2 protein chains.
Amino acid sequence: MGVSARKHDVFQAIADPTRREVLRLLAEKERPISEISAHFPISRTAISKHLHILSEAELVKGKKAGRERIYHLQPEPLTELKQWLSYYEQFWNNKLQKLKYIVEEENE
Amino acid sequence: MGVSARKHDVFQAIADPTRREVLRLLAEKERPISEISAHFPISRTAISKHLHILSEAELVKGKKAGRERIYHLQPEPLTELKQWLSYYEQFWNNKLQKLKYIVEEENE
DNA sequence: TTGACATGAAACCAAAAGGTTTTATATGAT
DNA sequence: ATCATATAAAACCTTTTGGTTTCATGTCAA
């Protein structure tokens, strides 16, 4: 029942462009749902669902304040993504080295 | 009609755990479809579809060799993911700094 | 206390995702 | 030539996703 038991993980959460844009907005500053949804052509309800998915992935958190719910970014789960990525960096680093090597050969 | 016109982008491609495992297998070495699908409980056809999606995102490429098609990893599109991530690193770095600051205060 | 506002929740819907089975095609081996 | 192998392609199915509309609830303001 650890982190992996969540219904929506980080990889799924960031797969949707609308959710990535929501994260970008919340990176600027915390905002209530209605302010967030004002940036999109879709309904407030749809945005609310996206926020639920981001919440499950723990990428955002909402605090109730009066009749509003203010969401803020929680970037920590992105470290999982970073770790995943770091495994693959060795490969593109190798490619760049090969490319550099070829260029150097051609200049001689 | 640029890169963004692809039906499946990197974010979507890596959202599925099966596809991430396929990438991991291809990171070890290039493999034909049947060898890849042998690692999974689902059908070869299903794996083939996943490979198509990974191909669209240009994360893998298949070369026909005899009656086989050998797939290999193409990690370059992951740089897009890395760039996207780098924007958010400032936030968790800040958090770590704040945490460190608190700890230092408590030690005085 | 009455209304406007902000959100939550439920019911519903179409399209996409992830899978299967079936059929076809190309290639290698005998 | 024939047969087994490796993949491709198509048809089909179920569940999930991303959206809508409608209705309910809690809170602020007058």
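Per chain, numbering begins at 1; letters A, B, ... match sequence-line order. Since the structure is predicted, the reported quantities are computational estimates derived from the model, not experimental observations.
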Which angle, to the nearest 10 degrees, lies between the helix axes at the two ends of the helix from C/dT1-D/dA30 to C/dT30-D/dA1, each defined by five pairs?
20°
In this structure, how many angstroms lie between the [atom2] atom of [N] and the [atom1] atom of [X], rounded?
X       : N      : atom1 : atom2 : result
B/His50 : C/dG19 : NE2   : P     : 4 Å
A/Lys63 : C/dG8  : NZ    : P     : 15 Å
B/Ile53 : C/dA16 : CD1   : C1'   : 10 Å
B/Glu68 : C/dG28 : CD    : C1'   : 11 Å
B/Ile42 : C/dT20 : CD1   : P     : 6 Å
B/Arg67 : C/dT27 : CZ    : P     : 11 Å
B/His52 : C/dA17 : NE2   : P     : 15 Å

Residue pairs, two or more places apart or on separate chains, that pass ring-ring contact (aromatic ring centres under 6.0 Å, His included) and touch residues 11-48 of chain A:
A/Phe11-A/Trp84
Check: B/Lys64 side chain, C/dT27 base, donor-acceptor under 3.5 Å
no
Residues two or more places apart in sequence or in another chain: which of them pass side chain to side chain contact (heavy atoms under 4.5 Å, CB included) with [X]?
X       : result
A/Ala46 : A/Ile42, A/Ser43
A/Lys49 : none
B/Lys29 : B/Arg31, B/Glu35

Check salt bridge (Lys or Arg N to Asp or Glu O under 4.0 Å) between [X] and all other residues, then give those that pass, not counting sequence neighbours.
X       : value
A/Glu68 : none
A/Lys82 : B/Glu89
B/Lys63 : B/Glu30

Tabulated below should be each protein N or O lying under 3.5 Å from an N or O of nucleotides 21-25 of chain C; please produce it.
none

Using a heavy-atom cut-off of 4.0 Å to chain B, what are the terminal contacting nucleotides of DNA chain D, in 5' to 3' order?
D/dA4 to D/dA11
Validation: residues 13-23 of chain B side-chain donor-acceptor distances under 3.5 Å, sequence neighbours left out:
unit_1	atom_1	unit_2	atom_2	d
B/Asp16	OD1	B/Thr18	N	2.8
B/Asp16	OD1	B/Arg19	N	3.1
B/Arg19	NE	B/Ala13	O	2.7
B/Arg19	NH1	B/His50	ND1	3.1
B/Arg19	NH2	B/Gln12	O	3.2
B/Arg20	NH1	B/Ile14	O	2.7
B/Arg20	NH1	B/Ala15	O	3.2

Which residues, if any, of residues 13-41 of chain A bring a heavy atom under 4.0 Å of DNA chain C?
A/Pro32, A/Ile33, A/Ser34
Do the rings of B/Phe91 and B/Tyr87 sit parallel, tilted or perpendicular, given the 30° and 60° boundaries?
perpendicular
